Protein chains: 2
Amino acid sequence: MARAGLTAERLAQGGADLADEIGFEQVTVAGLARRFKVKPASLYFHVKSSADLKARVALVALAELADRASEAVAGRSREAALAALGNSYRNYAHEHPGRFAAMQLRLDSETAARSDGPRHTRLMRAILREYELGEADQTHAVRLLGSTFQGYVNLELSGSFSHSEPSSNVSWEHIIHGLHILLQNWQVRQPGAANDRE
Amino acid sequence: MARAGLTAERLAQGGADLADEIGFEQVTVAGLARRFKVKPASLYFHVKSSADLKARVALVALAELADRASEAVAGRSREAALAALGNSYRNYAHEHPGRFAAMQLRLDSETAARSDGPRHTRLMRAILREYELGEADQTHAVRLLGSTFQGYVNLELSGSFSHSEPSSNVSWEHIIHGLHILLQNWQVRQPGAANDRE
DNA sequence: CGTAAAACCTAATGGTCGTAGGCAAAAGGC
DNA sequence: GCCTTTTGCCTACGACCATTAGGTTTTACG
């Protein structure tokens, strides 16, 4: 009986493909075993548990998207960079919904620190540097961008925008532009009056 | 043997409580049956399936939050209304993480239409009316607000903001204010130059 | 070529969803 | 107040999943 040649990496990759096909929530040890024509018990030689498997899928997605995003942003600045980054997220999510869902899995802080998550943050900060925000405002902006990108794509994927006009593509472009405008004006408020709530 | 007095409503309510305690993903027919000191099979008299149960929890959450948000927004306008709405979402999510997660369950379009989801949209539009945006821009703005609120709270709940300064509360206030600024300036671009991507 | 580690297997436990069919409690007719 | 019907919950079961224990085959290496 020829061996399947399983490794943790191949399982994570296969799990990611499976997630894109049937949804991340539906990924299961048994299902992945079927895909590799192997018995479920065999997977436990390479991954600790079902949760471990899912975390590995998340790491794959995090790394892939970080690569894509870096490439897309390279050589662009300001609004073009912002759009490139946003589009990386959105396109990746459309092409790989299961992987994108996996990315939102809550990782324990140690795994999160070793992951490519920080790369995403650094990439955003690199773009924001051009808007010349203060230190704290840069962090706020990172959080804003992350929230809006993630939130928009989630709502879009869950179908929330598909039952009304105008098309989601149009809204997306307006929102990217809006964020750019907001970032441009952000610093202006800084030297002026009190920065807290009115 | 005294009867438990189950109904679909009580099960949805109990499911919502269970979700807040152990997480929405962990809600199970068997677990809910234990909570009501009843056998799993008994629940199927009141709900069609596990998926049906979860959908009912989502409807409960959608309705509860719509009530809260309406109340919070009443009598406020512009930035105050925006902040009240955002805080409704955020506070609800913090107090009821399981219910909040349930709200993001993908409902089939018929159920979604009957749900209180549209109330959320109407409430946002009511606030946005004061910013005097165009018809299409109002839709874009609804999508922006929904995305940002949902995305921010999700990232916050998943712990993404808890490992760095400044505190999430501060970012939240800045982001609400930023959105207000953005909405104020949104219309300005309207009469000016071309509205598409530069 | 033989040995030992590595890769995969069988088997078993215990959890989940969901269906079928039984029994007992509550509700309604008389 | 008794009898019948509906309703609510139960037992029993089949199918699937996660996970562990322990056995067997394959491969690598000395």
Side-chain angles (χ1 to χ4, degrees), chain A residues 1-60 98-99 101-102 104-108 111, chain B residues 1-60 98-99 101-102 104-108 111:
Chain A
M1 192 173 296
R3 296 201 176 172
L6 304 180
T7 66
E9 289 70 31
R10 288 193 62 202
L11 288 177
Q13 200 68 37
D17 293 343
L18 192 56
D20 285 336
E21 291 166 22
I22 66 174
F24 181 65
E25 301 299 332
Q26 277 63 52
V27 169
T28 159
V29 171
L32 190 56
R34 273 191 295 273
R35 168 176 274 254
F36 281 99
K37 296 182 200 288
V38 139
K39 300 298 167 186
S42 305
L43 301 203
Y44 288 88
F45 208 96
H46 307 280
V47 299
K48 266 208 307 291
S49 64
S50 180
D52 180 34
L53 171 64
K54 290 187 176 179
R56 286 172 190 272
V57 174
L59 294 179
V60 164
R99 283 168 158 88
Q104 298 174 53
L105 186 69
R106 191 184 172 139
L107 301 171
D108 60 287
T111 311
Chain B
M1 191 174 297
R3 299 202 175 172
L6 305 181
T7 66
E9 289 70 32
R10 287 194 62 201
L11 289 177
Q13 201 68 36
D17 293 343
L18 191 57
D20 286 337
E21 291 166 22
I22 66 174
F24 181 64
E25 300 300 333
Q26 277 63 52
V27 170
T28 161
V29 171
L32 189 57
R34 274 191 293 274
R35 167 176 274 255
F36 280 99
K37 296 181 200 288
V38 141
K39 301 299 167 186
S42 304
L43 301 204
Y44 289 88
F45 201 85
H46 306 280
V47 299
K48 266 209 305 292
S49 65
S50 181
D52 179 34
L53 171 64
K54 290 188 174 178
R56 286 172 189 273
V57 174
L59 294 178
V60 165
R99 283 169 158 88
Q104 299 174 52
L105 186 69
R106 190 183 174 142
L107 302 171
D108 59 288
T111 311

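This one's a predicted model, so the numbers in the text were calculated from it and none came from an experiment. Only this structure's heavy atoms are used, side chains among them; waters, hydrogens and symmetry mates stay out. By convention in this document, chain letters (A, B, ...) are assigned in the order of the sequence lines, proteins followed by strands, and residues within each chain are numbered from 1.
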(message) For the residue pair Thr111(A) / Asp108(A), report whether a side-chain donor-acceptor contact shorter than 3.5 Å exists.
(response) yes
(message) Using side-chain heavy atoms (C-beta onward) and a distance below 4.5 Å, is Leu6(B) in contact with Phe36(B)?
(response) yes
(request) Keeping the roles fixed (side chain from Asp20(A), backbone from Gly98(A)), state whether a donor-acceptor pair exists under 3.5 Å. (result) yes
(message) Has Arg99(B) got a side-chain atom pairing as donor or acceptor with Val60(B)'s backbone, closer than 3.5 angstrom?
(response) no
(message) If you define the side chain from C-beta out and look only at heavy atoms, does anything of Gln26(B) sit under 4.5 Å from Leu18(B)?
(response) no
(request) Check whether any side-chain nitrogen or oxygen of Ser42(A) sits under 4.0 Å from OP1 or OP2 of dC9(C), and answer yes or no. (result) yes
(message) Ignoring hydrogens, what is the shortest heavy-atom contact between Arg35(A) and Asp17(A)? Give both atom names and the distance.
(response) NH1-CB, 3.7 Å
(message) Could you report the tightest heavy-atom contact between Gly14(A) and Leu32(A), atom names first, then the distance?
(response) C-CD1, 3.6 Å
(request) State which of dT11(D), dT10(C), dA18(D) makes the closest approach to the side chain of Tyr44(A). (result) dA18(D)
(message) Using whole Å, what does the distance between atom C1' of nucleotide dG22(C) and atom NZ of Lys39(B) come to?
(response) 16 Å
(request) Would you check if Leu53(A) and Thr28(A) make a side-chain contact, meaning some heavy-atom pair closer than 4.5 Å? (result) no
(request) Rounded off to whole Å, could you give me the CG-to-P distance for the Asp52(B) and dG18(C) pair? (result) 10 Å
(request) Could you tell me the separation between the CD atom of Gln26(A) and the C1' atom of dC17(D), rounded to a whole number of Å? (result) 13 Å
(message) Return a single string for nucleotides 11-16 of chain C, one symbol per nucleotide in 5' to 3' order, where B is base contact, S is sugar-phosphate-only contact and - is none, cutoff 4.0 angstrom on heavy atoms.
(response) -----S
(request) Starting at atom CG of Leu43(B), determine the distance to atom P of dC9(D), rounded to an integer number of angstrom. (result) 9 Å
Review item, nucleotides 4-7 of chain C N/O atoms under 3.5 Å of protein N/O:
unit_1 : atom_1 : unit_2  : atom_2 : d
dA7(C) : O4'    : Arg3(A) : NH1    : 2.4

